[in-house]
Structure formats: structure tokens, C-alpha cells
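Working notes, structure below.
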Amino acid sequence: MKPRVSNLIGRQTPCPQVLLNKVIEHDIRNTVGNVPMEWYQDYPHIGYNLDGKKIFKPIRNKDELDEFLDKMENPDYWRTVHDKTTASDIRLTDEQVDLVHRLQKGQFGDVNFNEYEPSVDFFTNEVMIHPVTNRPQDKRSFIPSLIEKEKVSKLVHAIKMGWIKPRKPKETTPQYYDLWAKEDPNAILGRHKMHVPAPKMRLPGHEESYNPPPEYLLTEEERLVWEQQDAEDRKLPFLPQKHSCLRAVPAFSRFIHERFERCLDLYLCPRQRKMRVNVNPEDLIPKLPKPKDLQPFPTTMSLVYRGHTSLVRSISASPTGQWLVSGSDDFTVRFWEVNTGRCMKTLEVGGAVKSVAWNPNPAVCLVAVESTVLLLNPSLGDRLVVSSTDQLITSYEPPEEDKEQAVTWALSEGPEHNKGHRLTLTHPKAVKQVVWHGKGDYLSSVMPDNSSNLQVLIHQVSKRRTQNPFRKSKGLVQCVSFHPLRPYFFVATQRYVRIYNLIKQELTKKLMTNCKWISSMAIHPGGDNLICGSYDCRLAWFDLDLSTKPYKMLRHHKKALRGVAFHRNYPLFASGADDGSVIVCHGMVYNDLLQNPLIVPVKVLKGHQITHDLGVLDVTFHPTQPWVFSSGADATIRLFT
């Protein structure tokens with residue numbers, strides 16, 4: 001017996017989705033039809049119901065974790081299948097599970113179907129005498145169709161009248177056409193919008209004549225020079241020649257070569273019109289206010305303080321603005337009267353002075369001088385302040401237990417006391433910088449040494465105590481500074497500025513200066529902005545609330561920056577460099593936190609002579625007036641007002 005076709009189909013093992021479709025009666029809620037459900041994966045719905053409304057996906061799809069928990073906890077997990085058309089899980093009944101098992105084994109879906117029942121063969125291979133049907137043939141099966149005849153006659157009539165044109169036979173000959181013939185040269189959207197027409201060849205001149213004037217003919221020397229030159233260097237690509245008549249002119253030997261080169265020039269050279277961008281140079285410059293609107297600021301050199309014989313490394317103004325102190329490599333510290341330029345006092349300190357700092361407290365008259373850190377009372381100005389300062393120093397009572405300190409404090413007596421020396425702090429190494437706290441009782445000293453953790457010390461004058469705030473070294477310390485308002489301490493190493501909280505004793509911020517070597521640092525009186533000068537000619541402005549990277553990088557100087565300073569009252573800051581100039585900038589910091597600081601360079605002040613490749617070594621502002629002092633390698637101090 002022949003096997004049925006359905007038997008063969010039933011024997012093949014179907015795919016899981018086919019099984020699922022067979023097991024579950026097709027859910028008529030989703031009316032999208034037989035389309036891949038992947039089409040809906042980027043949409044919030046999965047199809048449309050019978051009313052044409054969207055069927056939305058469940059809010060939360062199962063992830064791997066939910067699937068695993070379901071597998072562990074749900075006893076019906078093995079008989080649950082996911083229907084993609086409705087995005088829901090369906091629990092199979094016992095009959096449906098049996099049906100799946102039967103289909104997987106390759107059996108028939110229906111239990112009662114007998115695959116081995118005898119088949120009835122209607123059409124056999126034996127030729128029978130009697131036909132199956134005895135119906136006579138129609139007459140229309142062997143007579144030409146009248147309907148077709150009518151259609152053909154209509155088409156013939158249409159062709160005769162010219163309404164229908166029969167197809168032309170295709171021409172096999174190749175067609176040539178001009179590519180740019182129909183192109184409008186003025187069209188903006190033309191293919192060659194910037195097309196430049198090919199340059200025309202130069203018209204022939206007298207030298208190309210068959211009978212040129214004698215001045216166009218080359219002499220023997222000129223001919224030799226022409227022959228020795230390269231083809232590119234020759235003025236003419238041919239030698240002018242004289243012929244008696246036109247018939248005597250021979251054919252031009254390089255004619256085809258020259259035509260070929262012309263063709264190469266025409267099709268290989270890209271001819272395009274380069275549009276020149278008309279940019280007004282003034283539009284590229286940022287819109288800054290005029291310096292005239294930002295006055296007052298120092299503009300002219302008013303006084304020169306002469307007296308030192310070597311580099312003046314450091315200067316500092318008294319809090320009243322009446323006096324100025326300077327330290328030099330000639331082993332002296334000089335006190336000047338600001339308004340007259342008169343040297344009031346000169347003190348020998350027995351070593352080069354790298355740093356001087358006047359106490360910012362107006363009630364105390366003390367000057368810290370680097371060498372072994374001397375505290376001087378210059379005895380200038382108000383006598384009550386001078387006497388109260390001495391009283392403050394002499395009223396110290398030593399504690400009962402002496403703790404070992406990194407620095408030894410010694411009270412000056414005898415002739416040194418008469419000179420003005422009050423306290424001597426002997427340090428283990430050379431001191432590079434001294435700086436006072438705003439209240440005037442604490443001062444800090446810097447001893448750069450990469451190998452030691454004893455680089456920065458903080459001293460308290462009233463109790464004569466010294467402490468080392470850092471356990472380990474974070475690099476070579478260049479300079480330090482106290483925050484003007486809050487208990488923060490700024491430490492600048494070669495490339496970074498670290499800000500420490502002195503009360504919590506922790507690192508608050510680390511600023512990346514993007515400079516190779518920091519030379520100096522100044523903090524804005526408001527305390528939220530900081531400038532750093534560096535030896536690679538850059539000045540970095542930091543907005544501490546904004547970022548740990550510089551808000552602005554200024555490269556106004558041509559050589560290394562040596563000193564930077566902020567004015568206490570005016571929105572001004574200045575920088576001095578080895579190019580001998582002091583650049584004064586307007587640096588306005590706004591109370592509105594959303595507005596960025598305005599930085600405008602307003603004046604370049606010159607006057608210092610460059611000596612041994614060194615220019616301006618230190619700058620400082622007058623405490624109350626918009627004046628700036630600068631000290632230089634030419635042993636002078638200059639006041640710009």
C-alpha cells in the first residue's frame with residue numbers, strides 16, 4: 001500500500017514554535033496576523049485587539065533572575081510556555097502536554113487516527129473499457145472563440161488608427177552624448193557648483209612666427225644656456241627659428257606631445273573655485289570691556305627705590321601702607337617709606353634673604369625675615385604699636401614641660417635687640433619662604449627638600465610653639481599660603497596645589513595646574529579663587545567652586561613667572577616675569593555664583609632691566625591704593641601708580 005502524504009509529514013519532528021502554535025488555539029485578541037513579533041520590540045505595544053486598540057506589553061519583563069526564581073519556586077514551570085503574540089505565560093493542560101509529547105516522538109496528533117487503515121485506490125494504472133464519465137464534448141471546445149475574435153479586431157482597429165503603437169525594435173548602435181550639454185551654468189544646485197572653466201591657451205606671439213624679428217632670435221650663448229636648462233625652467237618650450245617663406249616651415253615635431261599634455265591638463269587638473277571666507281578680524285576677538293571702564297589700575301612708574309647692591313628677591317608692604325620692607329642677596333633687609341622712597345633702616349642679617357613678610361595684623365609691628373627666620377621689630381610708625389609688640393614678646397612664660405621641637409626659639413638680647421631683632425627661629429635647613437596667617441599670630445616657613453617630610457612648619461609666636469603638619473612628603477614644596485577667611489592651608493608642589501583643612505586635618509582638594517613647575521601662588525581676598533604662576537610662562541586661574549582644573553590659562557608673558565599677587569580691595573591681580581614686565585589684569589569675582597569671573601589684561605608695566613636673564617622677582621600691591629610694587633634683578637624696587 002502507498003503511504004499517505006500526511007503520514008510523511010507527521011513523521012518529521014516539528015520546531016518548538018510550530019509545536020506551540022499547534023498546542024495553543026490561536027489567540028484572537030491580537031490581530032496583527034502572522035508577522036514576526038521582533039518588529040514590535042522597540043514599541044511599547046505588541047499588537048492590536050479586535051477593536052483596533054493597542055495591546056501594551058507588560059510593564060516589567062522577566063529578567064534572568066526572575067526566570068531562575070520562577071524555575072526554582074513554581075511547580076508548574078515545566079508546563080508553562082510564553083506566547084509572543086500576547087506577551088503572556090500560558091499553563092498547558094494535561095491533554096496539551098500529551099499532544100506535545102506525541103508530536104515530539106513523531107506520532108500523530110489525533111489519538112484515534114489509524115495510520116494503517118486500507119486506502120481506496122480510485123485511479124489505477126489499468127486501462128478500463130468504459131470511461132469514468134460519458135459526457136459528450138461541447139461544441140465550443142472545437143469552434144474558434146467569438147469573444148477572442150472581437151478583442152483582436154478591436155486591437156487591429158486601434159493600431160490602424162494610431163492609438164496603439166507597436167513596440168519599436170531596440171537599436172543596438174551605441175549612443176554618444178555630451179555630459180554637460182543640458183547643464184545650466186547659473187544653477188546653484190548644479191553638479192559643478194564651483195566649476196571654473198578651463199583656461200584658454202596663450203595666443204602665439206612674435207617668437208612663434210616663421211619670420212620673427214631679429215631680437216627674438218637666440219644667440220649662440222643663449223642657445224647653449226637654453227639647452228642646458230630643465231624643461232620646467234625654460235621660458236619658451238621651443239627655439240625661435242627664421243624661415244625664408246611659409247613653405248619652408250617644417251612640421252612641428254612636438255605637436256602630438258603638446259596636444260596630449262594639454263588634454264592631461266584639462267581633465268586631470270581639479271578646477272574648483274575656493275571661496276574666500278570673509279571674516280572680520282575684530283569678530284574673532286572676544287568682546288571685553290575697555291580698560292578705560294575698568295579704572296583705577298596702575299599705569300605709570302612713579303618711584304624707584306635704590307639702595308640694594310644685588311638682586312631684590314622679596315618685598316612686603318606694612319598693613320597701613322606707609323612702609324615697605326625688602327630682602328636682597330646683598331645680605332641686607334631695608335625698610336623704606338613708601339611715599340618718599342627714603343630708606344629708613346638697613347639691617348645686616350648675615351645671609352641672602354629669599355623672603356620677607358610683614359605681619360598683616362595692624363596692632364602688631366613684626367617682620368618675618370628668611371635666613372634662619374628672624375622676627376624683627378623695625379620700630380617704625382605708631383609708638384604704641386611698637387611698645388605693645390615688644391610687650392607681647394617679653395610677656396611669654398615658658399611651659400613647665402619643655403617639648404622637643406623641630407625649631408629652636410631664641411630671644412635676641414644686647415646689640416642685636418637694639419638693631420631690632422626680637423626672636424630667632426633656627427631651622428635645620430635653608431628656608432625659602434615665610435608667610436603670615438591673616439590674624440598675625442601664626443606664620444609658616446618652607447624648606448624645600450624632596451627626601452624629607454620636614455618641608456613645611458607652622459609657628460605660633462605668642463606661645464613659641466612649632467609643629468610639622470605633614471607626616472610624609474607629597475613632593476617638592478614650592479610655596480604655601482593661608483586661606484584669608486577659613487581654616488584652610490594651601491601647599492603648592494611642582495605640579496599640584498593641595499588644599500588642607502586644618503581643623504579636620506584632612507586633604508580637601510587637589511588642584512591640577514597643567515604647569516610643569518609652579519613658582520608662586522596668590523589667593524583672592526574672597527577665598528574662592530586662586531592664581532598660580534609657573535616657570536613655563538603660564539598663569540593659571542582656579543575657581544575653587546567650579547573645578548580642580550584651571551578656569552583660565554593666561555600666557556601673556558614670554559618668560560618664566562616669578563611672582564603673582566592679588567589686591568586686597570580692588571579687583572586687580574598682577575604677575576611679574578623674567579621678561580622684565582609686570583602685567584596688571586582686572587579680575588572681577590562676582591557674588592552671583594552663576595556668573596564666571598571676568599579676567600581682562602589692562603596694562604603692561606615696564607621699567608626693570610634684565611640682569612643675568614632675570615627680570616622681575618616679586619610683586620605686591622599697596623594694601624589700600626591701586627598701586628603695585630615690583631622688585632627686580634637690577635637691584636631696584638619700583639612703584640607703579
Practice item. List for me each residue that meets ring pair (Phe, Tyr, Trp, His ring centres under 6.0 Å) alongside Y570, sequence neighbours excluded, and say none if there are none. Key: H567
Hey, can you pull the donor-acceptor pairs under 3.5 Å for the side chains in residues 294-301, sequence neighbours left out?
from, atom 1, to, atom 2, distance (Å)
T300, OG1, T641, O, 3.3

Exercise for review: Of all the heavy-atom pairs spanning A565 and T620, show the shortest one and how long it is.
Suggested key: CB-CA, 4.1 Å
Point to revise | Set of ring pair (Phe, Tyr, Trp, His ring centres under 6.0 Å) partners for F482, sequence neighbours left out | key: H437, F489
Check your understanding: Is W336 close to L380 at the side-chain level, that is, under 4.5 Å between some pair of heavy atoms?
Key -> no
Check your understanding: Do the side chain of S581 and the main chain of V604 share a donor and acceptor less than 3.5 angstrom apart?
Key -> no
Review point. Side chains of H622 and T624: donor-acceptor distance under 3.5 Å anywhere?
Key: yes
Exercise for review: Given side chain to side chain contact (heavy atoms under 4.5 Å, CB included), test M521 with L530 step by step and report yes or no.
Suggested key: CA-CA 7 Å; M521 171 175 65; L530 167 89; 3.6 Å; yes
Check your understanding: Hey, what do you get for OG (S318) to CD (E337), rounding to the nearest 0.5 Å?
Key -> 10.5 Å
Check your understanding: Should we count NZ of K509 as having more than 12 external heavy atoms under 6.0 Å?
Key -> yes
Check your understanding: Given side chains that start at C-beta, do those of Q478 and Q494 come closer than 4.5 Å, heavy atoms only?
Key -> yes
Check your understanding: So does N591 have more than 12 non-hydrogen atoms from other groups sitting under 6.0 Å from CG?
Key -> no
Practice item. Could you tell me whether the side chain of V431 reaches within less than 4.5 Å of the side chain of K354, counting heavy atoms only? Key: no
Revision key, fill the gap. Sorted by chain and number, sequence neighbours left out, side chain to side chain donor-acceptor pair (under 3.5 Å) with S328 holds for D330
Practice item. Tell me yes or no: between the side chains of N501 and T508, is some donor less than 3.5 Å from an acceptor? Key: no
Review point. Between S316 (side chain) and W358 (backbone), is there a donor-acceptor pair under 3.5 Å?
Key: yes
Point to revise | Q609 atom CD, neighbour heavy-atom count above 12 within 6.0 Å | key: no
Exercise for review: Report the residues that fulfil side chain to side chain donor-acceptor pair (under 3.5 Å) with T513, sequence neighbours left out, ordered by chain and then residue number.
Suggested key: none
Check your understanding: If you draw a 6.0 Å radius around CG in N280, do more than 12 non-hydrogen atoms from other residues or ligands fall strictly inside?
Key -> yes
Check your understanding: With a 4.5 Å limit on heavy-atom distance, are the side chains of L539 and F573 in contact?
Key -> yes
Review point. Atom CG in N359, atom OH in Y442: separation rounded to 0.5 Å?
Key: 13.5 Å
Exercise for review: Could you go through the side chain to side chain contact (heavy atoms under 4.5 Å, CB included) check for F621 and N569 one step at a time?
Suggested key: CA-CA 10 Å; F621 277 101; N569 302 324; over 6 Å; no
Check your understanding: Are W436 and N361 close enough that some pair of their side-chain heavy atoms sits under 4.5 Å apart?
Key -> no
Check your understanding: To the nearest 0.5 Å, how far apart are OH in Y551 and CD1 in I531?
Key -> 14.5 Å
Practice item. Verify the neighbour count for atom CD of E506: are there more than 12 heavy atoms of other residues, nucleotides or ligands below 6.0 Å? Key: yes
Point to revise | side chain to side chain donor-acceptor pair (under 3.5 Å) against T346, all qualifying residues, sequence neighbours excluded | key: R334
Practice item. For residues 526-541, pull every pair meeting side chain to side chain donor-acceptor pair (under 3.5 Å), keeping only residues two or more places apart or in separate chains. Key: R486-D528, N529-W541, S534-D536
**Study point:** pair T332-H308: side-chain heavy atoms closer than 4.5 Å
**Key:** yes
Check your understanding: For the side chain of S444 and the backbone of L457, is there at least one donor-acceptor N/O pair under 3.5 Å apart?
Key -> yes
Point to revise | T548 side chain vs M512 backbone, donor-acceptor pair below 3.5 Å | key: no
Practice item. Could you list the residues that satisfy ring pair (Phe, Tyr, Trp, His ring centres under 6.0 Å) with H557, not counting sequence neighbours? Key: none
Exercise for review: Report the residues that fulfil side chain to side chain donor-acceptor pair (under 3.5 Å) with W323, sequence neighbours left out, ordered by chain and then residue number.
Suggested key: none
Study note, to complete from the structure: In this structure, CG of D543 is separated from NZ of K552 (nearest 0.5 Å) by 11.0 Å
Review point. Nearest 0.5 Å, what's the OG-CG distance between S520 and D618?
Key: 8.5 Å
Review point. Are any non-hydrogen side-chain atoms of K603 and L572 less than 4.5 angstrom apart?
Key: no
Check your understanding: With T466, which of H459, Q460, H427 fulfils side chain to side chain donor-acceptor pair (under 3.5 Å)?
Key -> H459
Check your understanding: side chain to side chain contact (heavy atoms under 4.5 Å, CB included) with R202: which residues, sequence neighbours excluded?
Key -> E207, E208
Exercise for review: For R234, look at atom CZ and say whether over 12 heavy atoms of other residues, nucleotides or ligands are found less than 6.0 Å away.
Suggested key: yes
Review point. For the salt bridge (charged side-chain N to carboxylate O under 4.0 Å, His left out) test, which of R562, K558, K559 pairs with D578?
Key: R562
Review point. Can V325 and V333 be said to form a side chain to side chain contact (heavy atoms under 4.5 Å, CB included), step by step?
Key: CA-CA 7 Å; V325 62; V333 174; 3.5 Å; yes
Practice item. Mind jotting down which residue pairs meet the ring pair (Phe, Tyr, Trp, His ring centres under 6.0 Å) criterion with at least one end in residues 583-620? Sequence neighbours excluded, please. Key: none
Practice item. Verify the neighbour count for atom OH of Y496: are there more than 12 heavy atoms of other residues, nucleotides or ligands below 6.0 Å? Key: no
Check your understanding: Considering only heavy atoms from C-beta outward, does the side chain of V600 approach that of P289 to under 4.5 Å?
Key -> yes
Review point. Donor-acceptor pair, S355 side chain versus V434 backbone, under 3.5 Å?
Key: yes
Revision key, fill the gap. Given the options V491, V477, V480, Q455 meets side-chain contact (heavy atoms from CB on, under 4.5 Å) only with V477
Exercise for review: First locate atom CD1 of I315, then atom OG of S631, and finally report the distance between them rounded to the nearest 0.5 Å.
Suggested key: 4.5 Å
**Study point:** Heavy-atom pair with the smallest gap, counting every atom of C479 and S519
**Key:** SG-O, 4.4 Å
Check your understanding: How would you list, by chain and number, every residue that makes a ring pair (Phe, Tyr, Trp, His ring centres under 6.0 Å) with F470, sequence neighbours excluded?
Key -> Y500
**Study point:** V338/Y305 under side chain to side chain contact (heavy atoms under 4.5 Å, CB included): CA gap, chis, key distance, verdict
**Key:** CA-CA 9 Å; V338 169; Y305 303 84; 3.9 Å; yes
